[in-house]
There are 2 protein chains.
Amino acid sequence: MSVAGLTKNQALVFDKLTAAGGPMSAYQILDNLREEGFRAPLQVYRALDKLIADGLVHKLESLNAFVACAHPEEKCGSHGLTAFAICNECGNVFEFHHHGLEHDLEHFLGAKGFKPEKTVVEIRGKCANCA
Amino acid sequence: MSVAGLTKNQALVFDKLTAAGGPMSAYQILDNLREEGFRAPLQVYRALDKLIADGLVHKLESLNAFVACAHPEEKCGSHGLTAFAICNECGNVFEFHHHGLEHDLEHFLGAKGFKPEKTVVEIRGKCANCA
DNA sequence: TCAGATATGTTATACTGTTACAAACTTGTG
DNA sequence: CACAAGTTTGTAACAGTATAACATATCTGA
């Protein structure tokens with residue numbers, strides 16, 4: 001389950017998030033790891049910072065929540081722009097990579113002299129099951 | 001400056017945000033409107049809810065901040081997808097509408113049975129002036 | 001006028017995230 | 001081994017973001 005190169009707390013957070021199979025808030029993670037010895041939010045946020053930097057976890061800005069990457073074995077950053085379709089009914093999150101999108105944005109913003117560093121794309125709506 | 005159909009508090013918040021010419025947090029707005037009689041966050045959040053519903057103000061999810069629409073005279077919703085390029089250096093926000101982007105996303109997600117309701121697109125990076 | 005709807009005010013509280021500092025553990029080098 | 005430097009973890013306090021619940025006022029139309 002775990003991934004090489006993670007410290008104890010990072011692995012605990014990553015495993016919890018992977019097992020959940022969906023988004024969790026930092027405080028939900030904290031409460032779920034109290035049995036494992038977690039006491040303070042910082043323990044969660046520190047682990048998340050590293051996991052996000054490594055591309056193993058993504059932050060969903062429109063939910064203030066975190067979700068395990070859909071393909072942790074490959075480095076997520078290498079796929080370019082990561083986007084999420086989030087169902088407002090069931091809360092399911094579908095992660096995808098859309099190269100056309102990325103290319104369009106780069107082209108459009110490049111023409112204006114803007115240098116993208118991180119791009120947030122989150123589509124809220126109804127998934128096929130809930131429609 | 002003001003827009004028809006707004007209540008007193010809504011107009012105060014909208015004018016403050018327009019005058020700022022950039023993003024403000026809800027609590028920055030609150031502090032800036034204490035002289036006008038604002039006392040509690042809810043006064044700001046309630047006004048923002050209405051302004052956002054009307055398309056006069058946008059929420060920047062990656063900043064937890066709010067910004068006046070770049071073209072309040074036209075109904076913003078009618079332009080489809082609203083996107084933002086946000087400079088991490090100077091904080092400037094550039095609002096734009098990209099129809100190709102919107103079309104691509106709709107096509108891609110439609111094929112999966114996902115029905116978009118609201119789309120968040122925020123590109124963080126360096127603007128031309130700060131690059 | 002007055003009843004219903006809308007807007008506002010107020011207090012308290014919940015949720016999200018960070019600062020500052022201390023202690024423990026890891027690692028490489030003499 | 002010993003021990004210094006760096007990294008990880010622990011803890012407490014706090015800052016920033018957002019909402020719930022309830023009271024009061026204002027507006028609007030029959």
Side-chain angles (χ1 to χ4, degrees), chain A residues 2-17 20 22-54 56-67 86 88 91 93 118 120 122 124, chain B residues 2-17 20 22-54 56-67 86 88 91 93 118 120 122 124:
Chain A
S2 291
V3 168
L6 297 184
T7 66
K8 180 178 146 232
N9 284 3
Q10 288 159 16
L12 284 168
V13 169
F14 179 70
D15 288 352
K16 187 60 78 179
L17 218 35
M24 296 179 80
S25 77
Y27 279 72
Q28 283 176 330
I29 296 170
L30 173 58
D31 288 339
N32 271 270
L33 287 176
R34 289 202 188 272
E35 295 177 0
E36 266 71 40
F38 274 46
R39 300 299 205 87
L42 203 48
Q43 295 175 289
V44 175
Y45 282 109
R46 282 203 277 229
L48 286 172
D49 282 349
K50 177 62 158 44
L51 292 167
I52 289 169
D54 286 1
L56 295 172
V57 165
H58 303 293
K59 174 164 191 182
L60 300 174
E61 298 287 353
S62 69
L63 288 178
N64 293 321
F66 304 86
V67 67
I86 303 168
N88 288 329
V93 173
K118 187 190 181 209
V120 175
E122 298 176 16
R124 310 287 302 266
Chain B
S2 290
V3 169
L6 297 183
T7 66
K8 181 178 145 233
N9 285 1
Q10 289 158 16
L12 284 168
V13 169
F14 179 70
D15 288 352
K16 189 59 79 176
L17 218 34
M24 295 179 82
S25 77
Y27 279 73
Q28 282 176 329
I29 296 170
L30 173 58
D31 287 339
N32 270 270
L33 287 176
R34 288 201 189 272
E35 296 177 0
E36 267 70 41
F38 275 46
R39 298 300 204 86
L42 206 48
Q43 296 175 286
V44 175
Y45 282 109
R46 283 203 278 232
L48 286 171
D49 282 349
K50 177 60 158 45
L51 293 167
I52 289 170
D54 287 0
L56 294 171
V57 165
H58 303 293
K59 175 166 189 181
L60 301 174
E61 297 287 353
S62 69
L63 287 178
N64 293 320
F66 305 85
V67 68
I86 303 168
N88 289 328
V93 173
K118 189 195 177 204
V120 175
E122 298 176 16
R124 309 287 301 265

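Each chain gets a letter, A, B and so on, in the order the sequences are listed, and its residues count up from 1.
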Can you find a heavy atom in the side chain of [X] that is under 4.5 Å from one in the side chain of [Y]?
| X | Y | result |
| --- | --- | --- |
| A:Leu12 | A:Gln43 | no |
| A:Leu48 | A:Leu17 | yes |
| A:Leu6 | A:Leu56 | yes |
| B:Asn9 | B:Lys50 | no |

- [ ] Scan A:Lys59 against the nucleic acid and name what it touches under 4.0 Å (heavy atoms): base, sugar-phosphate only, or nothing.
- [x] sugar-phosphate
Return the value, rounded to whole Å, for the distance between atom [atom1] of [X] and atom [atom2] of [N].
| X | N | atom1 | atom2 | value |
| --- | --- | --- | --- | --- |
| A:Ile29 | C:dC15 | CD1 | C1' | 14 Å |
| B:Leu42 | C:dT13 | CG | P | 16 Å |
| B:Met24 | D:dT17 | CE | P | 12 Å |
| B:Gln43 | C:dA7 | CD | C1' | 11 Å |
| B:Glu61 | D:dT17 | CD | C1' | 12 Å |
| B:Tyr45 | D:dA20 | OH | P | 13 Å |
| A:Leu6 | C:dT26 | CG | P | 16 Å |
| B:Arg39 | C:dA12 | CZ | P | 14 Å |

Task: Side-chain donor/acceptor of B:Arg46 to base of C:dG9, under 3.5 Å - done: yes
- [ ] Check whether any side-chain nitrogen or oxygen of A:Thr7 sits under 4.0 Å from OP1 or OP2 of D:dT9, and answer yes or no.
- [x] yes
Open item on the list: Does C:dC15 have its OP1 or OP2 closer than 4.0 Å to a side-chain nitrogen or oxygen of A:Ser25?
Closed with: no
Checking contacts here: which listed nucleotide ([options]) is nearest the side-chain heavy atoms of [X]?
| X | options | value |
| --- | --- | --- |
| A:Asn64 | D:dT17, C:dG17, D:dA18 | C:dG17 |
| A:Ala26 | C:dG17, D:dA18, C:dT11 | C:dG17 |
| B:Phe66 | D:dG10, D:dT11, D:dA18 | D:dA18 |

Open item on the list: Between A:Glu122 and A:Glu61 (side chain of the first, backbone of the second, donor and acceptor by atom type, cut-off under 3.5 Å), is there such a pair?
Closed with: yes
Task: Upstream residue (5' side of DNA chain D) when B:Asp49 and A:Gly37 are each assigned their closest nucleotide - done: A:Gly37
TODO: Would you say whether A:Tyr27 stacks on C:dT16? The test is a distance between ring centres of less than 5.5 Å and an angle between planes of less than 30°.
DONE: yes
Task: B:Lys8 vs B:Ala40, nearer the 5' end of DNA chain C by closest nucleotide - done: B:Lys8
